[in-house]
Every structure is written in C-alpha cells, then in structure tokens.
Amino acid sequence: TDLTVNPNDSDEAFISVDVASPRRTKDAGLNWYIPGKDNFPGFPGAFTSWSVLFSPHSTASNQIILSGGSGGNIWRSSDGDTWQKTNANAVNLIDALASDPNNPDIFYAGTGTTHDFTWDFPKGPGSGSAQILKSTDGGSNWQPIYTNTLKETDSGYDPLTMIPAGRSTFSIEVKKGDSNVVFAATEKGLYKSSDGGSSFNRITVDQDDPTYFVSDTQIDPDDPEKMWVSLKTEWVNSSSNHGGVYFSSNGGSTWQKVNN
C-alpha cells in the first residue's frame, strides 16, 4: 500500500488499496472516495492498485499522478479524476513507482509477484519475472529496461547481479544529482544500478543476513549520500533477528543499524 501527497496541496492525497482501485482525499484524510470509476474497466474487481505516485515535480497547472497494479498496468492522470491506461504491460503486477528527482519526465516502475501462500508465509518464490520499467515522457509510455527470468533456485542465477524472478520490488529511489544511480528495495535484498536501471548489483546492508527482506528505502533529498532502508526478516516463519532500520552516510557503501 502506498500513500502519496500532492506537493502543492497537503490536503490532497491518494492511497493504493491492494484489492481495489486507488482512493483520493481532498480534506487531509477525513473523507476518501474512488476517483475515475468509469476509467477502470471491470470496476471494482478488474484493477487492483498496488502503488500510487503523485509526481513531486507537479505544479498546480501540470500534474502527473500514476497508479500501478494488477496485470502489469500503469494508469496516468493529470487531474486525479480522469485516468488513462498506459502501454506499460509489465510481466507482473506493479508494486513500486518512483520519479527521477533530476528530471520531471523520467519515472520508474518495479514489478511485484504472486505468491503461493500457506497461512501466513509464502512457499518460496512466486510467479513471473523480475522487471524494471522506465518512462522518459512523463509516464505516458513505458519500456522494460531490466528483466530477469531466473529464480534463486534456477541454475545460472547470480544473487549478486540479478534481482530474482518471483520476488517483489517494493521501492525504487533515484539519487539526486545523478540519475544513473537507482536503488531497488526487493524481497531478496537491496540492489543498486549505476547505469540508470539497466543492470543491478546487490548491496550488503547486514553482513550476517544477506537474504534480508528490504521493504523500503529513502534518500535524504538535501543530502543524497544519506540513506535509510527498512529491513525485516523474511516473513514470519524466519528465525532471523536482523530486521530494523539501517542508515548509510556514504551512498550505501556502508551501513549501521539505528533501530530494531
């Protein structure tokens, strides 16, 4: 679930609801409604929103709002009420959306996955490839720039250079001042790209647990060398004790745990 706020009006926000279309508020969360009912085919069941993003570059006269979800679809709106389906067509649901702080036209999307759940944890990798998509025209058109079809159980899979298939990407961050540096928080660790998302290498945050579950990552907008990531043990059946918030002051090169 994502919550995103209008950068020009803090009373307006959108939230993704996972099992339904996104919700919108114009009164700081006191009341919520479903925007653009007529734009989402088969409403309310055919499109489930897993991610939503109000572009931080938006102005009062030029807004970009994106919602990603089931079927690998990304929807775009310039007013919050009228939505158009883009050509994203990812291999799996869209679990992460991000904007480039250096370029208002560039956006990224990361795929999630469908797990075989047993009570309260999944049985290994889910379905679908791992994929990162990119838009260079304000979210209207999308192209896959990274795709990996190998799961961690497949021959030839390299955990240090491949975001594993069947695993979710929960958050994407682009470094301010350097659009080539892209971070992806995934179900199997934190990955960094130095070429704008075309290739990735895994970063070790916790030396004792390299297969940690990274649920979120944030870069300080005033100092891009400062980063925070949220780690948790891989689902509730794990005996690991390495979850918590970790901080880096050097762009992700080294990390220290700051909270359990």
Side-chain angles (χ1 to χ4, degrees), residues 1-16 21-29 35-36 39 49-69 73-88 90 94-111 131-146 169-185 192-198 216-229 251-252:
T1 299
D2 277 343
L3 175 68
T4 185
V5 179
N6 184 340
N8 305 294
D9 181 2
S10 59
D11 286 340
E12 181 181 15
F14 292 81
I15 190 170
S16 60
S21 301
R23 265 58 169 176
R24 182 186 195 185
T25 180
K26 292 184 176 181
D27 56 11
N39 302 140
S49 176
W50 290 82
S51 53
V52 64
L53 174 69
F54 210 125
S55 171
H57 298 287
S58 292
T59 64
S61 59
N62 183 22
Q63 297 182 339
I64 298 176
I65 311 155
L66 303 172
S67 181
N73 296 320
I74 298 175
W75 295 74
R76 186 184 189 276
S77 176
S78 59
D79 60 13
D81 280 319
T82 304
W83 295 77
Q84 296 82 35
K85 183 180 178 181
T86 71
N87 65 345
I94 301 295
D95 218 0
L97 289 166
S99 65
D100 185 337
N102 312 297
N103 189 327
D105 292 326
I106 295 180
F107 292 88
Y108 290 87
T111 56
Q131 197 168 58
I132 303 292
L133 293 86
K134 185 177 184 178
S135 172
T136 58
D137 61 1
S140 296
N141 295 281
W142 297 81
Q143 294 290 331
I145 58 171
Y146 175 87
T169 295
F170 297 108
S171 174
I172 296 173
E173 285 279 317
V174 182
K175 184 177 181 180
K176 186 176 181 179
D178 189 350
S179 295
N180 287 320
V181 178
V182 181
F183 294 91
K192 178 183 178 180
S193 172
S194 299
D195 55 12
S198 296
D216 198 9
T217 179
Q218 294 289 326
I219 298 176
D220 188 327
D222 297 320
D223 184 352
E225 293 301 307
K226 294 181 179 179
M227 296 180 59
W228 291 263
V229 294

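Here the side chain of S193 pairs no donor or acceptor atom with the backbone of V182 at under 3.5 angstrom. Proximity of a side-chain donor or acceptor of E225 to a complementary backbone N or O of G251 within less than 3.5 Å is detected. Proximity of a side-chain donor or acceptor of Y108 to a complementary backbone N or O of G196 within less than 3.5 Å is detected. Side-chain atoms of D105 do not come within 3.5 Å of backbone N or O of T136 as any donor-acceptor pair. In terms of modelled atom types and a separation under 3.5 Å, the side chain of T111 and the main chain of Q131 share a donor-acceptor contact. Distance alone, capped at 3.5 Å, places no donor-acceptor pair between the N73 side chain and the K85 backbone.
Counting heavy atoms from C-beta on, the side chains of V174 and P101 come closer than 4.5 Å. The shortest distance between side-chain heavy atoms of V5 and E12 does not fall below 4.5 Å. In this structure the side chain of I15 reaches within 4.5 angstrom of the side chain of L3, judged on heavy atoms. Under the 4.5 Å side-chain criterion, counting only non-hydrogen atoms from C-beta, T217 is in contact with M227.
How far OG of S135 is from CD1 of I106: 8.5 Å, rounded to the nearest 0.5 Å. Of the inter-residue distances, the one linking F14 atom CZ with T4 atom OG1 reads 8.5 Å to the nearest 0.5 angstrom. Within the model, atoms CG of D2 and CG of L97 stand 7.0 Å from one another, a figure rounded to the nearest 0.5 Å.
Taking the six-membered ring where tryptophan is involved, the planes of F107 and W142 are tilted, since the angle between them lies from 30° to 60°.
In terms of heavy-atom proximity, A98 sits nearest to I172 at CB-O, 3.2 Å. Between Y146 and S198, the closest heavy-atom pair is CD1-O, 3.5 Å. Shortest non-hydrogen contact noted between S51 and I94 is OG-O, 3.2 Å.
Of the residues T82, I64, N141, the one that meets the side chain to side chain contact (heavy atoms under 4.5 Å, CB included) test with R76 is I64.
Checked by atom type, the side-chain pair S171/D216 shows a donor-acceptor distance below 3.5 Å. There is a side-chain donor-acceptor pair under 3.5 Å between S49 and S67.
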